[in-house]
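What follows is a single structure, written as structure tokens, with notes after it.
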Amino acid sequence: MKGFRISLLMAALAIGASSSSQALEKINFLLAAPATLPAFSPLIMAQENGYYKDAGYDVEFHTARGGLDIAKQVGVGNAEFGLSLGDAPIVVRGNGIPIKIVGLLGGGALGVLVARKDRGIAKIEDLRGKNISVMSFQEANFYATLGALARHGIRRDDANIQAVGPTGVIGLVIAGAVDACICTPDWEVSVQDGVGETLSMPLKDYIPTTAQAIVASDTMIAKRPEMVRAIVQATLKGMKFVMDDPQAATKIYIRAVPTFEGKEDVVLRMFKNYIERTYKGQKILGETDPDILAQIQKLYMDLGVIEKPAPVESFYTNAFVQPK
């Protein structure tokens, strides 16, 4: 009889667990590179610490073909959310793709030009005639680099910029096949470790640019505001976790991505670099600064990336970054 009661209890627990799992709404979240990269630590923390699940959502991450592809896919409804850079709405809304920034992951920026010092590079002007690797020609860091170079008299044809995908950016500069790369803060650490003598030139020191942005379509924002708020808040909670305790975040990250096992010191340095270069600088966590977007829009018009301006308020909303 006792065994029968235990069996009933186990069955009831199994049914409860199944019901709980079924209650979670599945959400597709697009990224520009594999979700295991340190660049996505706020999302990994939100996933591993159960923030998405606590909000009622089963979030699945999928890799797209760069930031602008993410914007397009989210705009047409193929995914509920994407993580792009803050310039994405500026570029795509003029082409009829209605997306907005709903949360910005930091007040800093994501892009850093990292160069080998043994190639005679001591300042940004020295990139003239050099080989530079970038993930894609369809992403904000590439456009920001064009702007930064242009401000120092270097046209696109004056340097050999190569789109090599996420796996080739740092590998080529470490191998010596290229002279510099357009990196994220984690890749910056990898290049420093792989090359030794490097020069880091954060793009924000030369040009208006932003951190990664959670983007959603106008339709999603209008029809599912509570879901948008839940995903934004859970992701920002993940970012705050990294900022408040990078050592604990490192342990959780390595548990989720065991390929980094034994490299705790490297991951910790990467997280601290993100905190300094990217995550800091917001009065309200997740808020977007319209002045920065206005500057980026002007830059993109000067570069010919866009043909005409749009109202800055059409690019973003800060409605979801304030906790209720």
Side-chain angles (χ1 to χ4, degrees), residues 31-45 61 63 66-67 83 85 105-106 108-119 121-122 124 126-127 130-136 139-142 144-145 148 160-205 209 211-212 239 242-243 246-247 249-280:
L31 308 175
T36 53
L37 293 178
F40 304 124
S41 63
L43 288 73
I44 294 171
M45 295 303 117
F61 301 117
T63 305
L83 195 67
L85 288 192
L105 300 188
L110 194 69
V112 184
L113 274 165
V114 183
R116 299 180 62 111
K117 282 190 175 180
D118 62 2
R119 301 299 169 85
I121 302 170
I124 193 168
D126 295 332
L127 291 173
K130 301 298 185 182
N131 298 313
I132 305 170
S133 61
V134 62
M135 187 171 71
S136 165
E139 55 136 1
N141 280 340
F142 169 65
T145 299
N160 180 25
I161 304 176
Q162 306 170 21
V164 297
T167 58
V169 174
I170 61 174
L172 290 174
V173 73
I174 291 173
V178 300
D179 309 302
C181 62
I182 305 170
C183 288
T184 51
D186 52 323
W187 288 350
E188 178 186 6
V189 171
S190 295
V191 173
Q192 289 169 343
D193 289 349
V195 174
E197 291 291 315
T198 62
L199 173 69
S200 291
M201 298 169 277
L203 290 175
K204 67 179 180 180
D205 292 350
T209 184
Q212 295 179 101
M239 183 175 78
V242 177
M243 295 173 73
Q247 290 183 321
T250 295
K251 293 178 181 178
I252 292 170
Y253 176 82
I254 291 174
R255 184 184 70 204
V257 189
T259 53
F260 277 89
E261 196 166 332
K263 300 178 181 178
E264 288 83 358
D265 60 327
V266 176
V267 174
L268 181 59
R269 284 167 51 219
M270 289 175 174
F271 284 177
K272 287 182 176 179
N273 206 30
Y274 267 102
I275 293 168
E276 290 301 318
R277 292 214 184 280
T278 308
Y279 298 153
K280 285 185 175 180

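Being a predicted model, the structure only gives us computed values, none of them experimental. FYI, the numbering just counts along the sequence from 1.
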Side chain to side chain, Met135 and Ile182, heavy atoms closer than 4.5 Å:
no

Is any side-chain heavy atom of Cys181 less than 4.5 Å from a side-chain heavy atom of Leu172?
no

Once salt bridge (Lys or Arg N to Asp or Glu O under 4.0 Å) is applied, do any residues pair with Lys263, and if so which ones, sequence neighbours excluded?
none

Taking C-beta and beyond as the side chain, do Trp187 and Val112 meet within less than 4.5 Å on heavy atoms?
no

Pair Phe40 and Phe61, ring centroids less than 6.0 Å apart:
no

Whether the side chain of Arg277 engages the backbone of Gly108 through a donor-acceptor N/O pair (distance < 3.5 Å, no angle test) should be reported.
no

Glu188 side chain to Asn273 backbone, donor-acceptor under 3.5 Å:
no

Report yes or no: does Thr278 contribute a side-chain atom to a donor-acceptor pair with the main-chain N or O of Ala109 at less than 3.5 Å?
yes

Under the salt bridge (Lys or Arg N to Asp or Glu O under 4.0 Å) test, which residues partner Asp186, sequence neighbours left out?
none

Just by distance, do the side chain of Tyr279 and the backbone of Lys272 share a donor-acceptor pair under 3.5 Å?
no

Taking every heavy atom of Ala180 against every heavy atom of Leu127, the minimum-distance pair comes out as CB-CD2, 3.9 Å

Flag the pair Glu276 and Lys280 as a salt bridge only when some basic side-chain nitrogen lies within less than 4.0 angstrom of an acidic carboxylate oxygen.
yes

Considering only NZ, NE, NH1 and NH2 on the basic side and carboxylate oxygens on the acidic side, decide whether Asp179 and Arg119 come within less than 4.0 Å.
yes

How about CD on Glu264, more than 12 heavy atoms from neighbouring residues, nucleotides or ligands closer than 6.0 Å, or not?
yes

Among Val178, Ile121, Val173, Ile174, find the one that has a side chain to side chain contact (heavy atoms under 4.5 Å, CB included) with Arg116.
Val173

Test of understanding: with salt bridge (Lys or Arg N to Asp or Glu O under 4.0 Å), list the residues that count as partners of Asp205, not counting sequence neighbours.
none

Exactly one candidate in Val189, Asp265, Ile275 meets side chain to side chain contact (heavy atoms under 4.5 Å, CB included) with Met270; the answer is Val189

Are the side chains of Leu83 and Leu43 in contact, using a 4.5 Å heavy-atom criterion?
yes

Under a 4.5 Å cut-off applied to non-hydrogen side-chain atoms, are Phe271 and Pro38 in contact?
yes

